[in-house]
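So that the names make sense, note that chain A is the first sequence line, chain B the second, and so on, each numbered from 1.
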Amino acid sequence: MTMEMVLLLILLAATVWTVMTTRLLRAVIGLALTSVILTILMYRFGAPLAGVFELSVCAGLIPVIFVTTVSFTQRLTPEKLVVRKKERMLKFWFLPVLIVLVGMVLTQVHVTIDFPPVSPEALRTDPRAILWNLRHLDLVGQIAVLLAGVFGVVVFFKEDPSCR
Amino acid sequence: MATLLILLPLAIIMVLNLPFKDAFKRAAPFLGGCFYLLQAALVVFHPAAFWDDIYNPLEAFFAFECSTDALSLVLFLSIAIVGFVAVLVGAHALKNPRQRFFLINLLLLATVGMNANVMVTDLFSTYVFLEVTAVASFILIAMMKGEGALEGAFKYIILSVIASVMMLLSLALLVLVTGQTSFEAVRAGLGASPESLFVKMAMILFVCGLFVKGGVVPFHAWVPDVYASAPSFVSVFLAGIVTKVSGVYILMRLLVSVFGFEASVQQVIMFVGALSIVVGALAALAQRDFKRMLAYSSISQVGYIVLALGCGTPLAVAGAAFHLFNHAVFKSLLFVNAQGVEERCGTTHMEMVSGLGSRMPVTGWTSVIALLSTAGVPPLAGFWSKLLIIMALLNASRYGYAAVALFSSVLTLAYFLSMQRRMFFGKPHKGMENIREAGPVIVGVEIILAGITVGAGLLYPLVLEYFILPVQRVVG
Amino acid sequence: MPVESVSLFWTASAFVILMMIAGIYCILATFNLTRALIGIEILMKAVTLLLIVVGHVTQHTALAQALVITLIVIEVVVMVAAGGVVLSVFRKNKTIDVRRLRNLKG
C-alpha cells in the first residue's frame, strides 16, 4: 500500500459519495473534495503547476457555479427528500452488476503495453516554457474559449428584460 | 499567412466588443459578412502570397504549427459560404439589435474554431478548437431560449462532452505510446508498433468521439432534436458546416495524416457510414416536420461522406470532400427554405402547411433544386459527388456498399418528393391563401445558393480539375 | 518502461475506469440536470487523472501539465455555459426535472 494507492482509494470514495448522495449541495461538496484529492495526487505525480490550477479553478470556482445554479433552481421539502432517497436506492441496483460485467470484460481482454518506450531525451522542459513557446495555438484557443464563456454568461445569466 | 483566417475573426470580435458607440455595434453583421466574403475570395482567387508559408510576417509573434492543402481549401470555401448565409439570414431574422450582435460574435467565434481545426497539426490543439466551436454553437442553439432549444442544447452539451472525454482518453493513450501530440510525431510513434491492440483501442476511441460530434448513426440521438428545435438560421450553420468540420473533416484529416487507413478501422468506418445512410433515409421517410426530416437527411448524407472516407482510396476521399462541399450548400439552402416557411406560416409541420408552391414560388423551386441535388440527379452538383463516391467504391471492389449508396439515392428522392408534394404542390389549406413570398434577403440567399448548386453542376469539369481532384494528392 | 511505472499505470487506469462508470451512471440515473453536469465533471476528473499519470509514467510531466492547464480552462467555460443553460431551463419551465421536459424524442 503506497501513498498513491491510498489517495486513489480516497479519490474513488469521494467520487462514489458524490454520485450516491441525495442532496445536490452535498454532491457539489463531494465534487470539490474529489478535486482537492486530485490536486494532492497531482503534486505526488510531479505536476504541481497543474495542481494549482485544479485547486483554484476546479475546487474553487466550479463549486461556486454549481452552488449558484442549485440555489436558483432547487427547493426540496423533507417529504420529497425521503421519496427521492428510496427512488435513488432502487435505481442503483444494477451498478454492482455493471461493475462486475466491466471487470469480467476487462479481464478477458489482454491489452499489453507492447510498443517501444518513449525515448528519454525527448522533451522534458518546464510546462510554462511548453505552453508559452511551443503551444501558442492552444493559448489562442484558450482566449477564444474564454470569449465564448463571456458570451455565455451574458446571454444566459443576465435576465433579458424583453423576455419578461 | 493562412493563420490570419484564425486571427482575423478573433480580432474582429475584440474590436466589436470595445466600448464604442452602439452605432458601431450595428455594423457587426456587415463586418462579419465581409470576413466570410474575404475568406471565400481568398480561396477562389487563390493568391499565392497568402497561401504560401514562405512569406510570413506573423511568424515573429506567433509560432503556429499550421498547414494548408487542397482539402483545407474545400473546407475554407464551405465555411465561408455557410457562414455568410448564416450571417445574412440571422441578421434578417433577429430584430433585437442586442441578440443580433451576440449572434455575429458567436458565429465568428465558431468560425475561429473551425478555421483553426482545418489547419492544425496537433491532436491536442484539435481538441481545444473543437471545444471552441462546440461552446459557441451550444450558446447559439440556446440563445433564443425557446423551450425545445434549451433542452436540445443541454443534450448537445452532454453528448459533446462525452465525445471530448473519449477523445481525451485516446489522446492520453497516444501520449503514452508516442510521448508527443503533434500529427507527425504520433504518426511516427504509431508506425513503430502497428499491431498493438493498445494503439487500436486509442484509434477506435478517438474515431467514436468524432462519430458523436458528427452525428453518425449509433450516436445520432442529439441531431434531430437540436436541428429541429434550434432557430433555423442556427440550424443552417450547424447542419451545413459545424458538425461536418468537427466530426467528418477531422476524421478525414486524422485518417489521412495520423492514423493511416488501417484495415480494421476502415471496416468499422465503412459499416457505420452505410448504416447511417440507410437508417437516416428510412427515419426521414417517417417524419412529419420539415426541419426534423432535414436533420435525418443530414445524418444520411454524412453517411455518404463517412462511407467514402472509409473506402480510403484517393478518388474516394476526393469524392467525400466534394460531397461535403455540396452538402454544405444544399443543406443550408433547405434550412433557409425552412426559415422562409417558418416566418410566413409560423410552423414547419408538413400537415399544417400545404400548397405553398404558388404562394412562395422562389422558395418552392429552390427547394426542388436542393432536393434534386441531394438525391443526386444530373446535372446538379450532388450528382457528380455521388458519382465520384460510387465510382471509387466500385474501383475498390466494394460492390455491396456501392449498391447501398445507389439504392439510398432512391430513398432520398422518395422522402424529399413526398415532402415537396405535401408542402409546396397541391392546393393551399384554408388560411394559407394570403401567404406571401419570403422577404428579399431570404429570397436572395436562396437564389445565390441554388446558383452555386447549379453552377458547380454545370461547370463540373472546372470544379473537379481545379478544386476537387487535387485533394487526391493529399492522400497519396 | 520500468516495472513499477507499468504497474502504477494499470492501477491508475483501473481507478479511471471506475470513476468513469460512476460518472456515466450519475448522468444516466438522474432526472436532475444539475446532477448530470456533476456526472460530466467526474468524467473530466477521471481524464485529468489519466493524463497526469501518463505524464508521470513517461516522464513527460511538463507536456502533461501544459495539456491539463488548457483542459481545466476549457472545462470551466463549458461548465459556466452549461450552468447557464440549466438556469435558463429553470426560468422557462420552473423545473429542471427531465421527466417534465421530455418534448424531444431523440
Side-chain angles (χ1 to χ4, degrees), chain A residues 4-5 8 11-12 15-16 18-19 24 27-28 31 34-35 38 41-42 45-47 49-50 53-54 57-58 61-62 65-66 68-70 72-73 91-92 95 98-99 102 106 113 117-118 120 122-127 129-131 135 138 141-142 145-146 148-149 152-153 155-157 159, chain C residues 1 6 8-9 11-12 14-15 17-19 21-23 25-26 29-30 32-35 37-39 41-42 44-46 48-49 52-53 55-56 58-70 72-81 83-91 95-96:
Chain A
E4 278 82 15
M5 194 67 202
L8 281 171
L11 182 69
L12 188 64
T15 314
V16 171
T18 309
V19 176
L24 259 178
V28 174
L31 196 63
T34 315
S35 282
L38 188 58
L41 267 168
M42 282 178 173
F45 287 138
L49 218 73
F53 263 79
E54 175 78 26
V57 176
C58 291
L61 186 53
I62 288 185
I65 300 165
F66 273 119
T68 316
T69 323
V70 171
F72 266 118
T73 53
K91 263 186 293 171
F92 280 117
L95 190 55
L98 189 70
I99 291 175
V102 171
L106 287 182
I113 297 188
V118 179
L123 213 59
R124 220 186 282 165
T125 39
D126 196 7
I130 289 195
L131 203 54
R135 308 196 70 89
D138 289 1
Q142 284 190 27
V145 104
L146 283 173
V153 170
V155 169
F156 293 129
F157 284 87
E159 258 182 278
Chain C
M1 212 179 288
V6 171
L8 175 64
F9 172 74
T11 323
F15 278 96
I17 289 172
L18 286 176
M19 277 176 82
I21 291 176
Y25 203 82
C26 191
T30 184
N32 186 308
L33 296 184
T34 319
R35 203 177 276 273
L37 290 188
I38 291 177
E41 268 295 293
I42 292 173
M44 295 299 275
K45 293 275 173 290
T48 314
L49 175 65
I52 289 291
V53 168
H56 177 68
T58 54
Q59 307 201 318
H60 277 61
T61 44
L63 178 70
Q65 286 193 72
L67 303 190
V68 167
I69 290 170
T70 314
I72 288 172
V73 170
I74 291 172
E75 188 185 335
V76 102
V77 169
V78 170
M79 279 303 133
V80 168
V85 171
V86 173
L87 209 59
S88 304
V89 169
F90 181 75
R91 279 186 187 150
T95 176
I96 49 169

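With a 4.5 Å cut-off on non-hydrogen atoms, A:I65 touches chain C through its side chain but not through its backbone. Looking at C:L37, both its backbone and its side chain come within 4.5 Å of chain A, counting heavy atoms on both sides. For chain A, the nearby parts of C:V85 are the backbone and the side chain; heavy atoms of each come within less than 4.5 Å. For A:V155, no part lies under 4.5 angstrom from a heavy atom of chain C.
Residue C:M19 forms a side chain to side chain contact (heavy atoms under 4.5 Å, CB included) with just one option from A:L8, A:L38, A:T15, and that option is A:T15. The one candidate from A:V19, A:T34, A:T18, A:V70 that meets the side chain to side chain contact (heavy atoms under 4.5 Å, CB included) condition with C:I38 is A:T18.
For the atom pair A:L61 CG and C:I72 CD1, the distance stands at 11.5 Å (nearest 0.5 Å). Between the CG atom of A:D138 and the OG1 atom of C:T70 there is a distance of 5.0 Å, given to the nearest 0.5 Å.
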One pair to check against side-chain contact (heavy atoms from CB on, under 4.5 Å): A:F45 and C:Q65. What are the steps and the verdict?
CA-CA 11 Å; A:F45 287 138; C:Q65 286 193 72; over 6 Å; no
I would like to know whether A:F156 and C:L87 meet side-chain contact (heavy atoms from CB on, under 4.5 Å); could you show each step before the answer?
CA-CA 7 Å; A:F156 293 129; C:L87 209 59; over 6 Å; no
Where do A:M42 and C:T48 land on the side-chain contact (heavy atoms from CB on, under 4.5 Å) test, with the steps shown first?
CA-CA 9 Å; A:M42 282 178 173; C:T48 314; 3.4 Å; yes
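The candidate from A:G46, A:G152, A:A27, A:A47 with the greatest count of non-hydrogen atom pairs under 4.5 Å with chain C is A:A47. With respect to chain A, the highest number of heavy-atom pairs below 4.5 Å among C:I74, C:V78, C:I42 belongs to C:I42. Ranking A:L41, A:V16, A:L31 against chain C, the residue ahead of the rest is A:L31, based on heavy-atom pairs under 4.5 Å. The greatest number of non-hydrogen atom pairs below 4.5 Å with chain A, out of C:A14, C:A22, C:G39, is found for C:A22.
Contacts of A:S35 classified as side-chain contact (heavy atoms from CB on, under 4.5 Å), with partners at least two apart in sequence or in another chain: A:E54, A:C58, A:A59, C:K45. Remark: C:A12 engages C:V53 in a side-chain contact (heavy atoms from CB on, under 4.5 Å) (not counting sequence neighbours).
Taking both residues in full, the closest heavy atoms of A:A50 and C:V68 are given as CB-CG1, 3.8 Å, listed atom of the first, atom of the second, then distance. Closest of all the heavy-atom pairs between A:I62 and C:M79 is CD1-CG, 4.2 Å.
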